[in-house]
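The next block holds one structure in the form of structure tokens; read it before the comments.
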Number of protein chains: 2
Amino acid sequence: MKATIYDIAKEAGVSIATVSKVINGKGRISADTRSAVFAIMERFDFQPSVIASALTGKKTFTLGLLVPDVSNPFFAEIARAIEDQGHQLGYSVVMCNTDNKDEKIERYISLLLQKSVDGIIIATGIEKKEILEQLLVKNLPIVLIAREMPLVAVETVVVDDYAGGCLAAAHLLELGHKEIAILAESQKVSSSRERMRGFRQTMEDAGVAFNEKWLKICDYKVEDGRINTLDLLSEDSRPTAIFCCNDLLAVGSLQAAKELQINIPSDLSIISFDNTILASVTNPTLTTIAQPMEQMGKLAVDLIVEHIKGDKKAKQRTVFRPELVIRESTALHTTILQ
Amino acid sequence: MKATIYDIAKEAGVSIATVSKVINGKGRISADTRSAVFAIMERFDFQPSVIASALTGKKTFTLGLLVPDVSNPFFAEIARAIEDQGHQLGYSVVMCNTDNKDEKIERYISLLLQKSVDGIIIATGIEKKEILEQLLVKNLPIVLIAREMPLVAVETVVVDDYAGGCLAAAHLLELGHKEIAILAESQKVSSSRERMRGFRQTMEDAGVAFNEKWLKICDYKVEDGRINTLDLLSEDSRPTAIFCCNDLLAVGSLQAAKELQINIPSDLSIISFDNTILASVTNPTLTTIAQPMEQMGKLAVDLIVEHIKGDKKAKQRTVFRPELVIRESTALHTTILQ
DNA sequence: TTGAAAGCGTTACCAT
DNA sequence: ATGGTAACGCTTTCAA
């Protein structure tokens, strides 16, 4: 059996109250008692039970993390950043893969609640805002990362998706592209919507019309990118560039182009979003809009911990600046053969 | 405040014992009482506290998962499989990134113990076998996945790394390669060691000598693969094929070859190990030895849950068969120009 | 079929 | 400086 404070107290000839105090460094305890108790704890390899401690109203030092899918490199990198900082601050993180399904989300939240996590970091899209509101009512610290719920007052950490879209468009425009297609995720996803909005606005501002038939709404996987790009490129009039709303879709585009023997970037430029490991691994490597995933994850944890500690009541929305990372998948539009 | 069984009991006009029984479906409760209590729980949005329940000696329904780094696609995919099956069986998983550092491992284990997890799944290399032994003594269910500790009696789920190495060598040999280099991870990692052993044995059996100067021991990241390959390819006599002990290293090799304008696979074949998403995303795509990550993760969870439930005492070592997945990075060795 | 009460391992308040 | 004890929310045994 594991040792308890009773064992330690008995061995040290003191009360459990005293042991508790030395564990927590509270109250006034003589140096002698303190060191004696420490020695015995050491000898017994004593680890205080977080469970019992939590029951008395203290924290569980556990955070819930909702992501659509950790096997998606973007969320894997976010998860890593969050776990790192959580660990740094003394919190464990429980990982939950939601597949963006509201019913799974509700089940996970219910489980996390039963386990009395101290807060939940949400990186998954939620359709029903009621789910979030119910959480907020319970006064449970919540932070949204890489997702938005504009109608709900909740702490939020995002990249400026709109600006990212603008950056992408500006880059393509600068290279002389005018016939541009967009591969976007479901428009239920706020980030995807904003990226597209920024992109289109920048085109419009530049006086370049966007051809609606070149807008493809896909799921978020490589295969979706591939199929939709195949579709796009098999028509008579082709775009000279494609903006993919994330790296996974861009990988699919790359594959499609390769199948059709279309050379990237000389025949077709591709720009993507996220800058996960994938963007640096493809051939050609992907020009992409980078999100500072590590900083975002770290901030999300810092914020939630501040709320947990009660140091903070005001909710903020922190927007990081995205950055254009130029690699090999984009090039000047050459009109020679057109 | 959250509702407790006391609230429910009071409202229902019964004792907390009765409420507890209906929650757990234990003892004999009249249908009337049962449904009345259920109705009230519903109305109060009551969620029993796992914390309090755990304190009475029941399970926490939480598993610890130790991985070197979730942002490594291999472990991300393993983590996803484990979390899925865990959730399926009612367990949450606490993710821990160890960076393969024994000191971080010890700290994580200590934390998981304080939180009374029901078991720990270990996918990270551990140098000091004492760490594991101490855990086993505590009678805490442990499963090793994708790692081995031959000297410790612990439930283990692995792929046959040796056979995988053989498969890789056989493929290269069949393609006519004889000048083969190996990029391996630290030899402290059992899987890497075994892969190499199988590979070399197969070469030897085929009467092809392995040139020791073509063995590069690296870390596990893309950059390590790149540097070491650059090194390898900048000497006067070059190998015609490289066996990379994981996909990340292979990506690095691909990059190095590209920098040196060496064409894959016509000038140099590359074969790797794992078959993560990366293998299908590079250009050329990677011929690789696939591990059934999903099945392995699922089995690891099934096994640990059996131990938790006490249905099982014997420890087994389950070895999955790896599979050769031929893609574009390997080709016949052409002697024309040699 | 139901309930009273002890117990799980801590914390915190109030005494001493 | 230290200790007694109630309380946290639940499970379980034993009795009624």
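Computed from heavy atoms alone, side chains included, the values below leave out hydrogens, waters and symmetry copies. Order of the sequence lines fixes the chain letters, A, B, ..., with proteins taken first and strands second; residue numbering starts at 1 for each chain.
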Whole-Å distance between C/dT10 P and B/K115 NZ? 15 Å
Classify B/K58 by what it touches in the nucleic acid, base, sugar-phosphate, or nothing, heavy-atom distance under 4.0 Å. sugar-phosphate
Base, sugar-phosphate alone, or nothing: which one does B/I16 contact when heavy atoms must sit under 4.0 Å apart? base
Mind calculating the distance between CG (B/D32) and C1' (C/dT1) to the nearest angstrom? 11 Å
B/T18 side chain near C/dT1 phosphate (N/O to OP1/OP2, under 4.0 Å): no
Let me know the distance between NZ of A/K59 and P of C/dT11, rounded to the nearest Å. 14 Å
Atom CD of A/Q47 and atom P of C/dT10 are separated, to the nearest Å, by 11 Å
Does C/dT2 have OP1 or OP2 sitting under 4.0 Å from an N or O in the side chain of B/T33? yes
Is it the case that the base of D/dC8 and the side chain of B/Y6 share a donor-acceptor contact (distance under 3.5 Å, atom types as modelled)? no
Closest-nucleotide ordering on DNA chain D, the 5'-leading residue of B/K2 and B/A17: B/K2
When rounded to whole Å, the CZ to P distance for the pair A/F46 and C/dG9 reads 10 Å
side-chain contact (heavy atoms from CB on, under 4.5 Å), that's the test. Do A/I122 and A/R147 meet it? Break it down for me. CA-CA 8 Å; A/I122 302 180; A/R147 298 288 162 173; 5.7 Å; no
Check every strand shown and say whether B/I23 touches a base, only sugar-phosphate, or nothing at a heavy-atom separation below 4.0 Å. nothing
Does the side chain of B/T124 pick up a donor-acceptor pair with the side chain of B/T98 at under 3.5 Å? yes
In whole Å, what is the span from the CE atom of A/M41 to the C1' atom of C/dG9? 15 Å
N/O (side chain, B/K21) to phosphate O (OP1/OP2, C/dT1) under 4.0 Å: no
Would you classify B/V14 as touching base, sugar-phosphate or nothing, given that sugar-phosphate means primed atoms plus P, OP1 and OP2, and contacts are heavy atoms under 4.0 Å? sugar-phosphate
Does a side-chain N or O of B/S15 approach OP1 or OP2 of C/dG3 to a distance below 4.0 Å, or not? yes
Side chains of B/N100 and B/D69: does their closest heavy-atom pair fall under 4.5 Å? no
Tell me whether the side-chain N/O atoms of A/S30 come closer than 4.0 Å to OP1 or OP2 in D/dT2. yes
What is the distance, to the nearest angstrom, from the CG atom on A/L55 to the C1' atom on D/dC10? 8 Å
For a side-chain contact (heavy atoms from CB on, under 4.5 Å) check, start with the C-alpha distance between A/T62 and A/V93, then their side-chain angles and the critical distance, and finish with the verdict. CA-CA 6 Å; A/T62 303; A/V93 357; over 6 Å; no
Does a nitrogen or oxygen in the side chain of A/S53 sit under 4.0 Å from OP1 or OP2 of C/dT10? no
Is there a side-chain polar atom (N or O) of A/S20 under 4.0 Å from OP1 or OP2 of C/dT11? yes
When every non-hydrogen atom of B/D118 is compared with those of B/I308, the smallest separation belongs to O-CG1, 3.4 Å
Is it true that the side chains of A/S30 and A/D32 contain a donor and an acceptor less than 3.5 Å apart? no
In whole Å, what is the span from the CG atom of A/L113 to the P atom of D/dG9? 14 Å
Could you check B/A52 against B/I29 and say which one's nearest nucleotide on DNA chain C is further toward the 5' end? B/I29
